[in-house]
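Here's the structure, in structure tokens; my notes come after.
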Number of protein chains: 2
Amino acid sequence: MEPVSQRKNSGATSATTRARRAVANGAGASERRDHLVKLAAELFARKGFQATTVREIALEAGILSGSLYHHFDSKETIVDEVLRTFLDDVTARYRAVLSGDGDPRSVLSEMVRIGFGSLDAHRAAITVMQNDWSYLRSLPDDRFGYLDRAEDEVERMWVEQIQRGQAVGQFRSDVDPKLTYRMIRDTVWVTARWFRPDGHLDTGALADHFVKVVFDGLASGDETGGSR
Amino acid sequence: MEPVSQRKNSGATSATTRARRAVANGAGASERRDHLVKLAAELFARKGFQATTVREIALEAGILSGSLYHHFDSKETIVDEVLRTFLDDVTARYRAVLSGDGDPRSVLSEMVRIGFGSLDAHRAAITVMQNDWSYLRSLPDDRFGYLDRAEDEVERMWVEQIQRGQAVGQFRSDVDPKLTYRMIRDTVWVTARWFRPDGHLDTGALADHFVKVVFDGLASGDETGGSR
DNA sequence: GTCTATAACTAGATAGAC
DNA sequence: GTCTATCTAGTTATAGAC
């Protein structure tokens, strides 16, 4: 038996034309649907994809679980949309920066800023991506194979810039580009675990701090011990 | 109906005295039990705590799910033991280093090495800790409250060393100690996601690389752009 | 210490009324 | 677009035989 419905929307957007699926992106979009995806993303982020039940998602939206299936054909479809929305946005931003003519250091710095900046709009999605990646990839079909492909593409972008920076002498050459990329990537995304938009630092300050340490190092300039 | 049992251990360690519970650590220990915990940890790490069923754990051990409950009173108890074993080990190592008289830079460097080094013995536990932390903390009782307490203690250790390093001039003073700690912590632990012990780099090389970048920076020494 | 059998429950998903 | 009602399958955990 389902819990009693606590109606919030007793008739708003009642009979709007909702045949506008399959537009913009390939998946299908509507404001109602987007809202449900957002609610679900927050729950997925907080408790994990599997620990979140369709009943909880529905409850949060003020409807019953069965009604969710009018919008989505499965729970997987919801998380799919959460992740795709984020990945599409961030890869598009990366491409925009790379199409410019910045030097490696400023391009990399800009990419770091894009990463931290995406915490504002995509914090939940980033958390889900990290926590539930291995589970989603362990599913029998290849539905989430695009995760690996997106990761590969992004890795190429970063590694190329690091190598370019080494070639022109902006970055030290005794670091491994791929390892360095992973280090940066991990540090940026993992921030989603504890970052709160209403906290005392914003994503810009976070990026500034990170760029400072990674580019120039934690050691004070006037010190022994540095083996450089 | 359970799958057919594929007996692996047809009588080994058959009638060993197994009343030696509640020793060493508080939880309870036996080789058999430890082995089961290890198997479970690998599964938890691969698929997530909730996606891993007690049937799978039992299957992996060559027994049936009911038999698991001779060793553990619940699935939660198993993951509890996975996490405690790791946390006890790593905090003990931190304390050992801090009880020495090293300068901040070498202490911090040693702590980084402990972190990466723990990937060898605790890779699965570290993965579980990261992926399932928020779920375990969301459980009704406070059973996993020690996670927060351990985190707090470790944070104090790190932040103190960073501040000490700033005080003696080993570390630059224009970075936030707490933020820097989080950055380091996250980067070290998150490595568990992709690190493979049989890969082409070991945990020592990983630590070397990380220390190099974080202490001395990615920028080449002879370059403009560094605002220091 | 393991197995057999099953209880008690919860999950995702569906069909059709409104 | 939502609700009611329900199906099916899978989950943790238990009881008692061996």
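These numbers were taken from a predicted model, which means no experiment stands behind them. Each chain gets a letter, A, B and so on, in the order its sequence line appears, and its residues count up from 1.
- Rounded to whole Å, the distance from CD1 on A:I57 to P on D:dT2 is 15 Å.
- Closest to the side chain of B:L64, out of C:dC3, C:dT2, C:dA13, is C:dC3.
- At the heavy-atom level, A:T77 lies nowhere under 4.0 Å from the strands shown.
- Ring-plane geometry between B:Y181 and B:W158 is classed as tilted, the angle between the planes lying from 30 to 60 degrees on a 0 to 90 degree scale.
- The ring pair (Phe, Tyr, Trp, His ring centres under 6.0 Å) search around A:W133 returns none, not counting sequence neighbours.
- Within the 4.0 Å cut-off from OP1 or OP2 of C:dT2, at least one side-chain nitrogen or oxygen of B:H71 is found.
- Among D:dT2, D:dA13, C:dA13, the nucleotide with an atom closest to any side-chain atom of B:Y69 is D:dA13.
- Residues A:T191 and A:T187 share a closest heavy-atom pair of OG1-O, 2.8 Å.
- Closest to the A:R55 side chain, of the nucleotides C:dA13, D:dT12, C:dC3, is C:dA13.
- Put simply, CD on A:E56 is 7 Å from P on C:dA11, counting in whole angstrom units.
- Distances from the side chain of B:R32 to the nucleotides C:dT2, D:dT2, C:dA13 place C:dT2 closest.
- Of the listed nucleotides (C:dT14, D:dT6, C:dT2), C:dT2 has the atom at the smallest distance from the side chain of B:I63.
- Atom C1' of nucleotide C:dT10 and atom NZ of A:K75 are separated by 12 Å, given to the nearest angstrom.
- Along DNA chain C, the nucleotide nearest to A:T53 and the one nearest to A:S67 differ in position, and the one closer to the 5' end is contacted by A:T53.
- Summarising the geometry, the separation between CG on B:L59 and P on D:dT12 is reported as 13 Å, rounded to the nearest angstrom.
- The interatomic distance linking A:H70 (NE2) with D:dC3 (P) rounds to 12 Å, in whole Å.
- Side-chain N or O atoms of A:T180 include one that pairs as donor or acceptor with a backbone N or O of A:D176 at under 3.5 Å.
- Between the CG atom of B:L43 and the C1' atom of D:dT11 there is a distance of 16 Å, given to the nearest Å.
- When the P atom of C:dA11 is taken as reference, atom CZ of A:F49 falls 14 Å away, rounded to whole Å.
- When rounded to the nearest whole Å, the span between CD of B:Q50 and P of C:dT10 equals 15 Å.
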Donor-acceptor pairs under 3.5 angstrom involving side-chain atoms of residues 138-147 of chain A: please list them, not counting sequence neighbours.
{"from": "A:S138", "atom 1": "OG", "to": "A:Y135", "atom 2": "O", "distance (Å)": "2.7"}
{"from": "A:D141", "atom 1": "OD1", "to": "A:R143", "atom 2": "N", "distance (Å)": "3.4"}
{"from": "A:D142", "atom 1": "OD1", "to": "A:R137", "atom 2": "NH1", "distance (Å)": "3.4"}
{"from": "A:R143", "atom 1": "NE", "to": "A:D80", "atom 2": "OD2", "distance (Å)": "3.1"}
{"from": "A:R143", "atom 1": "NH2", "to": "A:T77", "atom 2": "OG1", "distance (Å)": "3.0"}
{"from": "A:Y146", "atom 1": "OH", "to": "A:D80", "atom 2": "O", "distance (Å)": "3.4"}
{"from": "A:Y146", "atom 1": "OH", "to": "A:D80", "atom 2": "OD1", "distance (Å)": "3.1"}

